[in-house]
2 protein chains.
Amino acid sequence: MSEQQQEQRPDLPLDVFAAFCPSREVFAELADKWSLLILASLHRLGEQRFSELQRSVSGVSRKMLTQSVRTLERDGLVLRTVHPEVPPRVVYGLLPLGRGLAERVVTIGDWVEANSPAVIAARAGFDEGRGTACEVA
Amino acid sequence: MSEQQQEQRPDLPLDVFAAFCPSREVFAELADKWSLLILASLHRLGEQRFSELQRSVSGVSRKMLTQSVRTLERDGLVLRTVHPEVPPRVVYGLLPLGRGLAERVVTIGDWVEANSPAVIAARAGFDEGRGTACEVA
DNA sequence: CTGCATCCTAGTCGATACTG
DNA sequence: CAGTATCGACTAGGATGCAG
């Protein structure tokens, strides 16, 4: 396995399907449930404090939230604002760059909410066709 | 339609942000890079054989491809067609349900390809502002 | 060609405790 | 309140090898 592929020429279009394209790395980093849910939550509810975010994205641990939000901040998608008060107040909000992505992520969330009954039904049918088919035939 | 596995009352909308909600499980299952890339690839290139898919989604191992594609099939998003020939020929294609999702996933991929330069630039700036104070290499 | 089974490492993730 | 640090369980996921 080679280790260096950073050599990206400007004339080559970025391609998420290419394993060694920088855009693939960006895609892979964003394509996890916590990052996507955080983006969607910030888009839906607007600026939120750390604890608010942890509540709105139900189930996320502090560690994962910290880590994901850090990555998003580093990538220029999210703005982290620290208010020098006591107790400390830290607010996270979408930057323009992040908003563009978040809008698209939200459509995925909407799709899932609208179609998960169909997905679950399909699953049931799939599993059923497996377990009993052997018996019947 | 047969009864649902999960008791879903109409007055309780599915919510991907809720840790306990069935739709969250569906969301979490789809929110990984291989599933998303496979959906996007099937949308972009149409029906593909196993090996074609492995080539178009560069970097995926046979194991992960098999596993992801199977999950997508189970969820009713992808149709797996086995042609009884020798050597065997298996073709994967999007079902209507999957196409709806894939269309939205593609917009994420497009966004990443269009904006990863900005993301990478933001990263550089972020990292610079952190550690570079002591190292100007 | 497709895909399953096995092994095995390395990273993920949660829980807990601690700091500023 | 908002993190950081550490540990440990877990599993994602790659590398074979084999079978249909």
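Naming: A, B, ... by sequence-line order, numbering from 1 per chain. Keep in mind that the numbers below use all heavy atoms, side chains included, and drop hydrogens, waters and symmetry copies.
A side-chain donor from one of B:Q48 and B:S41 sits under 3.5 Å from a side-chain acceptor of the other. No hydrogens or angles considered: a donor-acceptor pair under 3.5 Å links the side chains of A:S35 and A:D32.
Between A:R89 and the phosphate of D:dA2, there is no side-chain N or O to OP1/OP2 separation shorter than 4.0 Å. Remark: B:R70 is not in phosphate contact with C:dG3, judged by side-chain N or O atoms under 4.0 Å from OP1 or OP2. Note on B:Y92: a side-chain N or O is less than 4.0 Å away from OP1 or OP2 of C:dG3.
Nearest to the side chain of B:T66, among D:dA2, C:dC4, D:dT4, sits C:dC4. Distances from the side chain of A:R49 to the nucleotides C:dG3, C:dC1, D:dC1 place D:dC1 closest.
When rounded to the nearest whole Å, the span between CZ of B:R55 and C1' of C:dC1 equals 11 Å. For the pair B:R80 CZ and C:dG3 C1', the computed distance is 8 Å after rounding to whole Å. Going from atom CD of A:Q54 over to atom P of D:dT4 covers 14 Å, rounded to whole Å. Distance CG (B:L65) to P (C:dG3): 8 Å, rounded to an integer number of Å.
Proximity of B:R24 to A:L37: side-chain heavy atoms (C-beta onward) are separated by under 4.5 Å at one or more points. Contact check for A:V57 versus A:L65: no side-chain heavy atoms found under the 4.5 Å cut-off. Counting heavy atoms from C-beta on, the side chains of A:R49 and A:Y92 never come closer than 4.5 Å. In this structure, the side chains of B:R123 and B:V119 come closer than 4.5 Å at one or more pairs of heavy atoms.
In this structure, B:T107 contributes its side chain and B:R104 its backbone to a donor-acceptor pair below 3.5 Å.
To the nearest 0.5 Å, atom CG of residue B:L53 and atom CD of residue B:E47 are 11.5 Å apart.
Partners of A:L36 according to the side chain to side chain contact (heavy atoms under 4.5 Å, CB included) rule, which considers only residues two or more places apart in sequence or in another chain, are A:V105, B:F27, B:A31.
Summary for the helix from C:dC1-D:dG20 to C:dG20-D:dC1: the axes at its two ends, each from 5 pairs, differ by 50° when rounded to the nearest 10 degrees.
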(request) Take nucleotides 13-20 of chain C nucleotide by nucleotide from the 5' end and write B, S or -, depending on whether a protein heavy atom sits under 4.0 Å from the base, only from the sugar-phosphate, or from neither. (result) BBBBB--B
